[in-house]
Q: 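My questions will all concern the structure given below.
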Amino acid sequence: MDKVKVAINGYGTIGKRVADAVSLQDDMEIVGVSKTRPNFEAKLALKRGFPLYVPENKLSTFKDAGLEVSGTIEDMCREAEIVVDATPGGIGAQYKELYEKSGCKAIWQGGEKHELAGFSFNALSNYDGAFGRRYVRVVSCNTTALCRLLYLLDNEYGVKKVRAVLMRRGADPGDDKSGPINAIVPNPITLPSHHGPDVKTVLPHINITTLAAKLSTTLMHMHAVNVELSSTATAEDVRTTLSREPRVFLASSDMKSTAELVEFARDSRRPRYDVWENIVWSDSITVEENELYLFMAVHQEAIVIPENVDAIRSMFELMDKESSMKKTNESMGIGTL
Ligand code: NAD
């Protein structure tokens with residue numbers, strides 16, 4: 001069977017990780033990645049063997065910088081059967097017309113609105129719903145983590161009500177423009193934060209309210225989650241449920257912080273110290289009168305990457321949910337921590 005031809009529009013934090021993950025699959029291949037500036041990431045893309053495409057008005061800039069360019073972003077979209085749009089939030093919407101014209105499918109990321117694609121995706125929660133679709137949005141890092149967790153809990157025990165406080169990283173580690181900040185910023189001050197409504201784009205029946213604040217850190221997000229369960233469960237039951245899912249990692253208490261989690265991921269030789277799994281502190285799992293409490297860390301740069309791979313398989317109807325998630329997990333080493 002021919003491999004699905006995938007292009008990455010926006011070879012940044014998310015785009016370069018998706019490109020690497022797609023390259024590990026035997027049923028899809030990268031036919032091009034786009035850059036807007038001839039920086040170190042553009043050079044890296046070429047070094048990794050990815051054909052480089054650029055905006056038409058930047059062709060000479062890249063040429064002057066001595067970088068080999070395969071064509072314009074329009075050319076790239078014509079080469080691709082699907083474009084994974086990983087441009088900054090809000091920019092992706094501007095490309096819809098081009099994707100429409102090129103006849104390719106497209107996946108947007110969580111920075112775009114649900115309405116742009118008309119379908120928001122999380123592999124565990126609604127893989128089948130993306131079957132054959134032309135446009136899909138993979139939800140953001142925090143929403144991905146909440147969807148995975150709540151899907152598992154709802155399936156096993158039923159979920160009555162969720163309250164979650166999200167402590168968000170101020171910026172990504174490579175971002176030298178917007179952080180870290182010397183402040184704790186309610187984000188936003190009014191309730192709810194966008195994460196609760198975003199979970200509902202994937203799991204519409206879940207009753208959830210979220211509050212969020214930005215903190216002076218770049219490493220990971222942290223969630224303090226409280227879930228009212230519909231049926232009786234002990235903390236041990238919940239641990240067993242979560243431990244069965246490879247995309248959830250139960251961390252031990254000797255990893256005392258996000259800093260130590262990152263060190264652990266580095267020592268585990270994860271590429272770019274990426275943790276694709278939800279990280280739930282096992283000892284934080286507590287149940288009191290059918291109310292569950294836990295702490296969960298989320299590696300913002302990594303968690304959505306396997307979801308993009310599974311979304312491609314679903315959109316091309318390549319295989320069922322269990323087979324796709326297993327294939328993605330095994331190729332990337334998910335569930336091995
Ligand atoms: P980023 O800024 O790291 O990368 C974006 C890339 O797009 C850069 O390479 C930039 O040069 C390129 N770009 C900018 N304007 C462009 C244009 N007009 N045309 C083509 N390329 C352009 O951004 P990111 O963090 O990778 O975010 C991408 C998307 O993923 C956003 O929707 C974001 O909300 C979402 N997301 C980000 C994170 C995260 O923590 N970084 C996590 C989950 C989802």
Side-chain angles (χ1 to χ4, degrees), residues 1-23 25-38 41-42 45-46 48-63 67-121 127 129-139 304-305 307-319 324:
M1 199 189 65
D2 288 343
K3 294 181 179 188
V4 175
K5 295 180 169 51
V6 183
I8 309 289
N9 194 14
Y11 190 72
T13 308
I14 299 299
K16 59 191 173 188
R17 287 172 167 82
V18 175
D20 285 352
V22 165
S23 301
Q25 314 305 316
D26 60 13
D27 51 356
M28 52 189 86
E29 62 183 334
I30 294 292
V31 294
V33 305
S34 81
K35 280 303 296 176
T36 51
R37 286 180 300 137
E41 284 169 325
L46 287 171
R48 295 208 176 198
F50 301 140
L52 193 60
Y53 292 85
V54 306
E56 190 158 14
N57 62 359
K58 296 285 176 64
L59 283 166
S60 57
T61 314
F62 278 74
K63 195 170 165 225
L67 297 188
E68 187 194 335
V69 169
S70 298
T72 64
I73 294 180
E74 284 77 5
D75 295 332
M76 180 178 83
C77 293
R78 276 194 292 274
E79 290 292 319
E81 291 172 275
I82 183 163
V83 175
V84 177
D85 187 301
T87 60
I91 302 282
Q94 299 168 15
Y95 277 101
K96 187 168 188 179
E97 204 181 319
L98 174 62
Y99 304 150
E100 194 82 44
K101 206 170 68 187
S102 307
C104 59
K105 297 189 184 227
I107 294 175
W108 286 279
Q109 308 302 311
E112 304 301 330
K113 292 198 165 62
H114 165 80
E115 291 71 28
L116 182 66
F119 186 81
S120 290
F121 180 87
Y127 179 93
F131 239 62
R133 279 189 184 266
R134 175 145 188 212
Y135 297 131
V136 160
R137 164 182 175 259
V138 168
V139 291
V304 299
I305 307 307
E307 309 301 318
N308 275 272
V309 173
D310 292 324
I312 294 170
R313 287 213 183 87
S314 181
M315 292 166 78
F316 284 89
E317 305 180 40
L318 296 185
M319 59 186 73
S324 177

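Fair warning: this is a prediction, and the values are worked out from it, not measured in the lab.
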Q: Which pair of heavy atoms, one from E317 and one from F131, lies closest together, and at what distance?
A: CG-CD2, 3.5 Å
Q: Where do Q109 and N308 land on the side-chain contact (heavy atoms from CB on, under 4.5 Å) test, with the steps shown first?
A: CA-CA 9 Å; Q109 308 302 311; N308 275 272; 2.9 Å; yes
Q: Determine whether more than 12 heavy atoms belonging to other residues, nucleotides or ligands lie under 6.0 Å from atom NZ of K113.
A: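 Count not over threshold, so no.
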Q: Looking at side-chain heavy atoms only, is the closest gap between I73 and Y95 below 4.5 Å?
A: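 SC-SC contact between I73 and Y95 confirmed.
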Q: Is a side-chain donor-acceptor pair under 3.5 Å present for N9 with T87?
A: no
Q: If you measure from CD on E68 to CG on L52, what distance do you get to the nearest 0.5 Å?
A: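 So the CD of E68 and the CG of L52 are separated by 9.0 Å.
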Q: For K5 and E81, indicate whether the former's side chain and the latter's backbone hold a donor-acceptor pair under 3.5 Å.
A: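 Looks like no, no N/O pair under 3.5 Å.
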Q: Show the nearest heavy-atom pair for residues S23 and I30, with the distance to one decimal.
A: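 Residues S23 and I30, closest heavy atoms: OG-CG1, 3.9 Å.
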Q: For the residue pair M28 and V309, what are the closest heavy atoms and their distance?
A: CE-O, 3.9 Å
Q: Between F121 and R133, is there a side-chain heavy-atom distance shorter than 4.5 Å?
A: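 No, every pair of side-chain atoms sits at 4.5 Å or beyond.
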Q: Output the distance between atom CD (E97) and atom CD (Q94), rounded to the nearest 0.5 Å.
A: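 It comes to 11.0 Å.
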Q: Drop me the distance from S102's OG to M76's CE, to the nearest 0.5 angstrom.
A: 9.5 Å
Q: Looking only at heavy atoms, which two atoms of F119 and Y135 are closest? And how far apart?
A: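 Minimum heavy-atom contact is CB-O, 4.2 Å.
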Q: Step by step, work out the salt bridge (charged side-chain N to carboxylate O under 4.0 Å, His left out) result for K35 and E41.
A: CA-CA 8 Å; K35 280 303 296 176; E41 284 169 325; 2.9 Å; yes
Q: I need the minimum non-hydrogen distance between F50 and A19, along with the two atoms involved.
A: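 Minimum heavy-atom contact is CE1-CB, 3.8 Å.
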Q: For A311 versus V138, what's the shortest heavy-atom pair and its separation?
A: CB-CG2, 4.2 Å
Q: Do L59 and V54 have side chains that get closer than 4.5 Å, going by heavy atoms?
A: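 Contact flag for L59/V54 side chains = yes.
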Q: Measure the shortest side-chain to side-chain distance between Y99 and D85 over non-hydrogen atoms and say whether it is less than 4.5 angstrom.
A: yes
Q: Do V69 and K63 come close enough that some side-chain heavy atom pair is under 4.5 Å?
A: no
Q: Taking V31's backbone N and O only, do any of them form a donor-acceptor pair with E79's side chain (distance below 3.5 Å, no angle check)?
A: no
Q: Does the side chain of E307 reach to within under 4.5 Å of the side chain of V139, using non-hydrogen atoms?
A: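 When only atoms from C-beta onward are counted, V139 and E307 do not touch, as no gap falls below 4.5 Å.
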Q: Distance from I305 atom CD1 to R17 atom CZ, nearest 0.5 Å?
A: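 Taking CD1 in I305 and CZ in R17, the distance rounds to 6.5 Å.
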Q: Counting only heavy atoms not in D2, do more than 12 sit closer than 6.0 Å to its CG atom?
A: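 No, because the 6.0 Å sphere around CG of D2 holds 12 heavy atoms or fewer from other groups.
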Q: Do Q25 and R313 make a side-chain contact, defined as non-hydrogen atoms from C-beta onward lying under 4.5 Å apart?
A: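 Side-chain contact under 4.5 Å: yes.
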Q: Can you tell me if S120 and R137 form a side-chain donor-acceptor pair at under 3.5 Å?
A: yes
Q: In Å, rounded to the nearest 0.5 Å, how long is the span from CZ of R78 to NZ of K101?
A: 8.0 Å
Q: Decide, yes or no, whether a salt bridge links R134 with E100 under the criterion of side-chain N to carboxylate O below 4.0 Å.
A: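 Salt bridge flag = yes for E100 with R134.
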Q: Do you see a donor-acceptor pair shorter than 3.5 Å between the side chains of T72 and D75?
A: yes
Q: I312 versus V84: any side-chain heavy-atom pair under 4.5 Å?
A: yes
Q: Please report the C-alpha distance between E74 and L98 in whole Å, then the side-chain angles of each, then the deciding distance to 0.1 Å, and finally whether the side-chain contact (heavy atoms from CB on, under 4.5 Å) criterion is met.
A: CA-CA 7 Å; E74 284 77 5; L98 174 62; 3.6 Å; yes
Q: Atom CD of residue position E29 - does it have more than 12 heavy atoms of other residues, nucleotides or ligands inside 6.0 Å?
A: yes
